[in-house]
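Just so you know, these numbers come straight off a predicted model, no measurement behind them.
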Amino acid sequence: MKILFLTIILVLSSIGASAQQLNLAMSEEFNVAELLPDNVQVNGSSQGMAIWGRYAFLMHDKGQCVVVDIRRKKFINTYIMEGNTGHCNNASFGNEYYSKSSRFPLLYVTECRGNRACYVNDISLEGSRLVQTIHYDGTETTGPSDWVVDRKHNLIYLYCTIGKIRMLKAFRLPRIGDSDKNREVHLKPEDSIASIPLGDIAIPQGSMIKHRYAYLPDGLPSRERYMHIVDIVDCRKIATLDLNHIPYEPEGVADKGSKLYISFHTPRDARANRIYRFKVNGLEK
């Protein structure tokens with residue numbers, strides 16, 4: 001694949017800060033459609049993505065999961081995730097394992113619309129089971145909301161809109177033992193330990209937190225498309241990267257070690273989930 005080396009002018013959100021130049025390297029790793037057997041049907045648009053080891057778990061609207069080996073670029077399996085009936089707009093792994101027999105840590109998948117819940121899944125290569133549902137009981141948020149896990153700090157963030165302002169609200173990541181008799185956790189406004197304003201984000205897509213940065217894709221092909229980078233330690237947006245050279249809708253973001261990946265949704269073709277790898281040089285760790 002040809003790698004595109006772009007010089008991106010980063011827009012710093014702090015008043016009076018000067019712009020700085022960073023180098024962005026991005027390349028298409030593979031088109032999932034080229035890995036799928038002809039008899040594999042994929043329903044629902046491409047949405048969130050999470051990676052553990054060499055396996056990428058690719059979410060689709062209404063709960064289908066497509067599993068691929070990103071090292072060997074090989075299709076592994078597809079199944080409908082138990083109870084995950086929402087938009088599945090985002091996905092991220094936590095730190096807790098459901099049981100000693102669990103191969104992967106718990107996977108947190110965003111409903112996005114409806115009750116704006118977070119589905120917590122004990123997942124495998126063969127299927128999944130819903131083991132907890134996280135709700136936010138505050139009434140100040142409007143519109144769709146996402147959830148993203150910060151594994152390093154054992155936090156979960158609600159990616160939401162409050163008074164037309166995009167926000168990240170931080171909470172301690174609940175454990176399975178915190179569930180009530182209905183296997184639910186209800187977080188309240190007073191449970192939040194931090195709130196980070198995100199500035200101008202027109203159409204929120206997926207999200208990922210790695211080290212001290214939140215990576216937040218934005219937009220779709222009929223509008224402008226960007227990747228926003230927010231410093232969650234200093235609580236400020238430090239960069240807005242232009243993604244308009246890629247003619248697809250940015251969706252989930254995930255990491256594998258030092259490598260960063262972004263999933264793109266190809267309109268009207270659920271099989272053609274395009275996975276890109278990218279690197280931003282110059283960010284402090």
Side-chain angles (χ1 to χ4, degrees), residues 29-33 35-36 40-70 75-94 103-134 144-149 151 156-159 203-210 215-218 220 248-256 260-276:
E29 287 287 284
F30 55 87
N31 180 350
V32 175
L35 309 183
L36 296 175
V40 171
Q41 184 174 356
V42 179
N43 297 308
S45 58
S46 303
Q47 298 300 326
M49 171 177 62
I51 296 174
W52 192 263
R54 69 175 192 254
Y55 298 109
F57 296 83
L58 307 172
M59 306 296 126
H60 290 261
D61 183 55
K62 299 296 187 294
Q64 184 171 358
C65 176
V66 176
V67 186
V68 298
D69 184 328
I70 58 174
F75 168 73
I76 300 299
N77 196 13
T78 184
Y79 49 81
I80 303 299
M81 299 182 66
E82 181 187 52
N84 289 228
T85 58
H87 194 49
C88 299
N89 199 55
N90 199 51
S92 50
F93 281 103
R103 182 171 179 179
F104 302 96
L106 296 172
L107 180 66
Y108 296 75
V109 179
T110 288
E111 181 187 30
C112 185
R113 302 164 183 158
N115 294 324
R116 297 171 288 185
C118 180
Y119 305 121
V120 184
N121 306 271
D122 180 24
I123 199 164
S124 72
L125 300 180
E126 293 75 38
S128 71
R129 54 178 169 171
L130 182 64
V131 297
Q132 184 186 66
T133 306
I134 301 173
S145 296
D146 275 5
W147 298 85
V148 56
V149 173
R151 296 185 66 247
I156 189 168
Y157 284 84
L158 178 65
Y159 182 14
I203 304 175
Q205 298 288 353
S207 53
M208 178 190 71
I209 294 176
K210 182 176 176 62
Y215 295 82
L216 308 170
D218 168 16
L220 45 81
Y248 312 115
E249 181 176 348
E251 295 286 358
V253 193
D255 71 294
K256 180 182 183 298
L260 304 177
Y261 294 85
I262 180 170
S263 166
F264 286 88
H265 159 205
T266 303
R268 295 177 294 280
D269 188 350
R271 289 169 59 93
N273 183 188
R274 298 174 183 270
I275 310 301
Y276 279 66

Below 4.5 Å, heavy atoms only, C-beta onward: do [X] and [Y] meet side chain to side chain?
X      : Y      : result
Val32  : Phe75  : no
Asn77  : Leu125 : no
Leu260 : Val253 : no
Glu251 : Met59  : no
Tyr79  : Ile123 : yes
Pro204 : Asp146 : no
Pro217 : Ile262 : yes
His60  : Thr78  : no

Measure the spacing between [atom1] of [X] and [atom2] of [Y] and express it to the nearest 0.5 Å.
X      : Y      : atom1 : atom2 : result
Leu106 : Asn121 : CG    : CG    : 8.5 Å
Ser128 : Met81  : OG    : CE    : 4.0 Å
Thr110 : Ile134 : OG1   : CD1   : 9.5 Å
Ile156 : Ser92  : CD1   : OG    : 6.5 Å
Tyr157 : Cys118 : OH    : SG    : 15.0 Å
Asn115 : Ser145 : CG    : OG    : 11.5 Å

Check: [Y] main-chain N/O paired with [X] side-chain donor or acceptor under 3.5 Å:
X      : Y     : result
Asn43  : Gln41 : no
Asn84  : Glu82 : yes
Arg271 : Val40 : yes

Partners of [X] by salt bridge (Lys or Arg N to Asp or Glu O under 4.0 Å), sequence neighbours excluded?
X      : answer
Arg54  : Asp69
Asp61  : none
Asp269 : none

Nearest non-hydrogen partners of [X] and [Y], listed with the distance:
X      : Y      : answer
Gly83  : Leu130 : CA-CD2, 4.1 Å
Leu107 : Ala50  : CD1-CB, 3.6 Å
Ser45  : His87  : OG-CE1, 4.4 Å
Gly94  : Val149 : CA-CG1, 3.9 Å
Ala270 : Val42  : CB-O, 3.6 Å

### Task
Return the orientation label for the Phe264 and Tyr276 ring planes: parallel under 30°, perpendicular over 60°, tilted otherwise.
perpendicular
### Summary
Residues at least two apart in sequence or cross-chain that pass side-chain contact (heavy atoms from CB on, under 4.5 Å) with Ala56, listed by chain then number, are Ile51, Leu58, Val68, Ile70
Could I get the full list of side chain to side chain donor-acceptor pair (under 3.5 Å) partners for [X], not counting sequence neighbours?
X      : answer
Tyr261 : none
Asp255 : Lys210
Glu249 : Gln205, His265
Ser207 : Asn90

### Task
Would you check, one step at a time, whether the test side chain to side chain contact (heavy atoms under 4.5 Å, CB included) holds for Leu36 with Val66?
CA-CA 9 Å; Leu36 296 175; Val66 176; 4.2 Å; yes
### Query
What pairs of residues pass the salt bridge (Lys or Arg N to Asp or Glu O under 4.0 Å) test when at least one of them lies in residues 114-132, not counting sequence neighbours?
Asp122-Arg129
### Task
Return the set of residues passing ring pair (Phe, Tyr, Trp, His ring centres under 6.0 Å) with Phe93 (not counting sequence neighbours), or none when no residue passes.
Trp52, Phe57
